[in-house]
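Just so we're clear, the structure is a prediction, and the values are computed from it rather than from any experiment.
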Amino acid sequence: MKSVFSGLVLVSLALMVPPAHAEGPSATAVVCLKVENRVPVGAATTFPVEVGELACFSELHGVTGSIHHVWFHGEENVRDIELAVRAERWRTWSVKRIPPTATGDWRVEVRTGDGKVLATAEFKIE
């Protein structure tokens with residue numbers, strides 16, 4: 001019975017681990033209020049105008065060198081933040097001050113150094 005249980009645990013863990021990156025690098029993007037202990041807190045797609053600042057959290061797999069968090073308000077690029085990647089699996093984030101006049105549609109693109117978009121997080125300031 002113990003070996004069956006151990007086998008189920010190993011299979012379950014294997015299903016949680018992303019596959020080897022034959023398809024190339026991958027990333028997630030989550031906009032949130034803050035990051036604590038490398039975990040996004042207060043993730044949402046709509047934030048109040050008085051929010052003050054937001055964070056974009058990314059988990060990366062198979063990315064080397066660095067990535068960019070490119071923040072857009074509407075179609076205007078308002079900030080491009082380069083972030084170092086130091087391991088096969090890496091968690092990182094950037095923070096952007098949100099002025100009270102910056103209502104409307106926003107997005108953050110996670111890009112490789114050569115500009116390939118790996119992930120996008122869209123959100124609204126109301």
Side-chain angles (χ1 to χ4, degrees):
M1 184 68 164
K2 184 177 179 181
S3 65
V4 171
F5 178 74
S6 297
L8 289 174
V9 169
L10 289 175
V11 168
S12 297
L13 289 174
L15 292 174
M16 292 172 52
V17 175
H21 297 283
E23 297 118 23
S26 65
T28 61
V30 176
V31 175
C32 55
L33 296 174
K34 60 184 175 178
V35 176
E36 287 183 354
N37 298 318
R38 297 186 189 111
V39 176
V41 175
T45 56
T46 303
F47 297 93
V49 70
E50 55 277 334
V51 70
E53 72 177 22
L54 292 171
C56 179
F57 173 87
S58 290
E59 184 168 337
L60 311 158
H61 296 274
V63 176
T64 57
S66 65
I67 56 132
H68 291 255
H69 277 178
V70 185
W71 292 74
F72 290 89
H73 180 212
E75 293 304 312
E76 181 184 357
N77 176 338
V78 294
R79 187 148 188 222
D80 184 334
I81 303 168
E82 185 174 10
L83 302 163
V85 178
R86 296 187 176 104
E88 169 69 21
R89 176 181 175 251
W90 192 255
R91 292 175 288 177
T92 190
W93 59 93
S94 64
V95 176
K96 169 77 176 89
R97 191 177 78 71
I98 308 295
T101 57
T103 59
D105 295 327
W106 284 75
R107 76 179 185 279
V108 182
E109 293 180 353
V110 180
R111 296 182 180 178
T112 60
D114 63 0
K116 179 182 176 187
V117 177
L118 299 176
T120 302
E122 296 180 350
F123 63 99
K124 185 174 283 222
I125 301 294
E126 296 181 328

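Contact annotation: the side chain of Ile125 approaches that of Leu54 to within less than 4.5 Å [non-hydrogen atoms, C-beta and beyond]. A 4.5 Å side-chain heavy-atom check between Val85 and Thr92 finds every atom pair outside the cut-off. Residues Phe57 and Val39 are not in side-chain contact: their nearest non-hydrogen atoms beyond the backbone lie 4.5 Å or more apart.
Hydrophobic clustering, with ILVMFWY side chains joined whenever heavy atoms are under 4.5 angstrom apart, groups Val49 together with Phe123. A continuous path of Ile, Leu, Val, Met, Phe, Trp and Tyr side chains, each step under 4.5 Å between heavy atoms, connects Val63 with Val110, placing both in one hydrophobic cluster. Put simply, Val41 and Ile98 are part of two different groups of oily side chains (I, L, V, M, F, W, Y) that touch within less than 4.5 Å, one to the next.
Between Pro40 and Cys32 the shortest heavy-atom distance is CB-SG, 3.6 Å. Between Pro25 and Leu118, the shortest heavy-atom contact is O-CD2, 3.9 Å.
Note that the NZ atom of Lys124 and the CZ atom of Arg107 stand 14.0 Å from one another [nearest 0.5 Å]. Between Thr64 atom OG1 and Arg86 atom CZ the span is 13.5 Å, to the nearest 0.5 Å. Atom CG of residue Leu83 and atom OG of residue Ser58 lie 7.5 Å apart, to the nearest 0.5 angstrom. Note that CD of Glu59 is 6.5 Å distant from CZ of Arg91, once rounded to the nearest 0.5 Å. Summarising the geometry, atom OG1 belonging to Thr46 is positioned 11.5 Å from atom CD belonging to Glu122; distances are rounded to the nearest 0.5 Å.
For the ring pair (Phe, Tyr, Trp, His ring centres under 6.0 Å) condition, the pairs that include at least one residue of residues 64-93, sequence neighbours left out, are His73-Trp106.
Salt bridge Glu109/Lys116: absent, no basic N to carboxylate O contact under 4.0 Å.
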> Under the side chain to side chain contact (heavy atoms under 4.5 Å, CB included) criterion, do Lys96 and Val108 qualify, and how do the steps go?
Replying inline: CA-CA 10 Å; Lys96 169 77 176 89; Val108 182; over 6 Å; no
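Side-chain contact annotation: Glu82 with Ser66, donor-acceptor N/O pair under 3.5 Å present.
For the side-chain contact (heavy atoms from CB on, under 4.5 Å) criterion with Arg111, the lone passing option out of Asp80, Val70, Ile67 is Val70.
Enclosure of atom CG in Asn37 is not indicated, since only 12 or fewer non-hydrogen atoms of other residues, nucleotides or ligands lie within 6.0 angstrom.
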